[in-house]
Amino acid sequence: MNHSGMHDRTPTSEHNRTPGKPEGMQRRPENDEHPAGQGAHHHAPENRHGHTDRAEPRTAAHGAHHEHMAEDFRRRFWISLLLTIPVLALSPMFLGLFGIREALAFPGDRYVLFGLASAVYFYGGWPFLKGMADELRKLLPGMMTLIALAITVAYVYSSVVVFGLPGTVFYWELATLIDIMLLGHWLEMKSVMGASSALEKLAALLPKEAHRIGEDGSVEEVPIGELDKGNRVQVRPGEKIPVDGRVEEGESTVNEAMITGESRPVYKHAGDTVVAGSVNGEGSVTVAVEKTGEDSFLAQVAGLVKQAQDSRSRTQDLANRAALVLTIVALVAGAVTLLVWFGLLGRDFAFAIERTVTVMVITCPHALGLAIPLVVAVSTGLAARSGFIIRDRRAFERARNTGAVIFDKTGTLTRGQFGVSDIVCFGDAWDEAGVLRAAAAVESRSEHPIARGIVDAVEEYPEAGNFTAIPGKGARAVVEGKTIMVVSPGYLDENGIDAPREAADALAAEGKTVVFVLVENAPAGAVALDDIIRPESKDAVARLKSMGIVCMMLTGDNRHTAARVAREVGIDEVFAEVLPEHKADKVREVQERGVVVAMAGDGVNDAPALARADVGIAIGAGTDVAMETAGIVLVRDDPADVASVVELSRATYRKMVQNLGWATGYNVIAIPLAAGVLAGAGVVLSPAIGAVLMSLSTIIVAINARLLHVG
């Protein structure tokens, strides 16, 4: 890294002085935050941002589809629930449980019951009937097939009973089964409804309009879509660069952290390339357009995100696997029951069909429809209280098998902003505090990220006058009657100024940015700055390694900086100087080792890698693109929550397995009894007792889900 390009400034006015502070001393503003790379952004006129038509979000329609389905299940649930109340009030079997059957009976009540049950079956049961048709068409029977089979058998049999066949109606079982299944699917759809709008967020990084320079030198605002290769645009201080291009005139620093992952602002002058979406610093530049539309960097990133999302592995849902097994069990058990009682033992058809229907209805337990959704709902709430949001349930479930976690460096393991790390004094004339205060006095007049890092390191500093920026090299000002300069190493080289360089060069070799403080043109000391490591990072890595997970770091930053951060944090493996378009390739390389890979990042450049990973985890303070691409979002910007994600995922999976066991396990006893294997001993499981067993199973599942916890 050439540090000579890190200090380009333009003079700023006296408005930077803290109001009300006595002449001669300035205090650092308490709430004046200057994130790395903003430069003079907040002093420039507000940009107009909007969406372009460059990258139509693939996921927008997908999200709308999920939202529509969740709303449909919600509406069907509430309407079906209202219809179920009179169904229960008119059901002979249900009323018989409470001994009030005769009190509520009236002539024709069975036909009213038939009408209400039909409404519940056709309206509330429609998603399951349609789902069964879809599953059977694909030859993949699952939960929908099992539910549709149970409600159809119950409805058809009960309707035949209403119109003359001896037996017992199952309408109340039918209605409550549909209600609970609708509730379960509604909860499930709500948990996965967070539609991924990553591509739309990428487009939002670009300003809506650009300042195009005409052949006569005039400047007009035009939509980005009207720009062509060869056009020239003006980019003012603090604005986002609208296109990929090359600087023709002017010089400035550009914050590319959200694009490249490089934490330091990059100095740009004539001939240098710039990328759309990066933020211009304090200088005004003229950029020649080189790439537009699908050729632009952001469009390529969008393509990588889409490609990675499309190639993600799909795990089969546990409940669907259980439903497939139970579907087979229901069909076989029902057929065997009918064959044995009617064909072999010669019992009357009414008795045989009642046994068959009881078996098939009981085989589809209410609890199975809630076994997974209840755990999902509880784990989602627990996750939020633990500091993260689950956006993609499948990714969250995969997290339990994580074998490697790849951390982005800038903004994830580090804060993504400069801070003073070291101070070097030359001689005895100045101590560390004096060098830092003098540097802060000069830098208080600048909006450069390095300047803000120095100013933020002190509580108060002398007033500076006659401030002058040295383009690309630093700044000078008069402080307490002395000319103080804060300059880059390149300035010393160009002006032949000798200074003890050993300590400063050693700090620079570690990847730190070093500036020199000159007093009356004589070196007084040097200040080193670096991207601040989050204090939580070391704990995050330690917790993950204790769980047997390999920790890696992926960054576009230089190898020296990456190696130092890795040593301090405890990272096992480092990928440094990785271009944005190659980050997803690195994730794929690790996946090819046969491990489940989680990726934690926060920048635009991390979006393809987050989508490529088995588990994408976005740091909450990062860009919307990273958060919309990832399956999990860390709310508290705490990388230690990555370990919490894995822990909760493992606990959630255990709870799902337990619930499926409770939801289906009672069938081992209930199905044989419902089939009448002990009928010879006078033990026949009536539909009412079967309903009690189903309810008990549902209650156990609900309580067990609420007991989910981590640690």
Side-chain angles (χ1 to χ4, degrees), residues 3-18 21 24-43 237 252-253 255 263-265 267 281-283 417-425 430 432-480 482-492 504 507 512-521 523-532:
H3 301 295
S4 65
M6 295 289 98
H7 243 50
D8 177 28
R9 301 174 175 83
T10 55
T12 57
S13 65
E14 291 292 323
H15 70 263
N16 283 320
R17 180 179 301 171
T18 306
K21 185 68 184 171
M25 186 64 70
Q26 290 289 311
R27 179 173 295 276
R28 175 169 58 86
E30 294 297 329
N31 298 313
D32 187 18
E33 297 182 3
H34 301 271
Q38 271 195 333
H41 192 186
H42 60 288
H43 294 294
S252 183
T253 54
N255 175 19
S263 57
R264 297 175 179 81
Y267 174 65
E282 63 274 24
Q417 63 187 47
F418 282 107
V420 173
S421 61
D422 304 89
I423 303 171
V424 179
C425 298
W430 290 75
E432 292 185 1
V435 169
L436 188 59
R437 287 176 68 253
V442 177
E443 301 288 27
S444 66
R445 307 295 296 278
S446 171
E447 294 298 329
H448 193 281
I450 292 177
R452 303 316 309 171
I454 293 175
V455 173
D456 289 344
V458 299
E459 285 298 321
E460 57 184 21
Y461 42 82
E463 181 187 1
N466 298 326
F467 175 87
T468 304
I470 307 173
K473 299 297 183 293
R476 73 163 58 86
V478 175
V479 180
E480 296 180 333
K482 297 179 180 179
T483 300
I484 307 293
M485 302 176 66
V486 182
V487 295
S488 67
Y491 181 87
L492 301 185
L507 293 172
K512 299 179 180 181
T513 297
V514 179
V515 294
F516 289 84
V517 180
L518 309 182
V519 180
E520 299 295 351
N521 219 40
V527 178
L529 300 96
D530 200 11
D531 195 1
I532 303 171

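Nothing here was measured: the structure is a model prediction, and the numbers come from that model.
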*Can you measure from OG (Ser421) to CG (Leu507) and round to the nearest 0.5 angstrom?*
6.5 Å

*Is a side-chain N or O of Arg445 found less than 3.5 angstrom from the main chain of Ala464, in a donor-acceptor match?*
yes

*Heavy atoms, side chains only, cut-off 4.5 Å: are Ile470 and Met485 in contact?*
yes

*Smallest separation among heavy atoms of Val420 and Gly453, with atom names*: CG2-O, 3.8 Å

_Non-hydrogen atoms of Val442 and Phe467 that approach each other most closely_ = O-CE1, 3.4 Å

*Are Leu518 and Leu492 side-chain neighbours, meaning at least one heavy-atom pair lies under 4.5 Å?*
yes

*How far apart are the closest heavy atoms of Ala524 and Val519, and which atoms are they?*
CB-CG2, 3.7 Å

*How far does SG of Cys425 sit from CG of Leu436, to the nearest 0.5 angstrom?*
10.0 Å

*Measure the spacing between OH of Tyr491 and NZ of Lys473 and express it to the nearest 0.5 Å.*
10.5 Å

*Ser252 and Gly281: which non-hydrogen atoms are nearest, and at how many Å?*
OG-N, 3.5 Å

*Taking the side chain as every heavy atom from C-beta outward, state whether Tyr461 and Val455 have any pair of such atoms under 4.5 Å apart.*
yes

*For Ser444 and Arg452, work out which heavy atoms get closest and say how close.*
O-NH1, 3.9 Å

*Atom CD of Glu480 and atom CZ of Arg437: how far apart are they, to the nearest 0.5 Å?*
6.0 Å

_Contact between Lys512 and Leu529 at the side-chain level, heavy atoms closer than 4.5 Å - yes or no?_
no

_Positive for side chain to side chain contact (heavy atoms under 4.5 Å, CB included) with Val435, one of Val424, Val517, Ile484_ = Val517

*Backbone of Ile454 reached by a side-chain donor or acceptor of Glu443 within 3.5 Å*: no

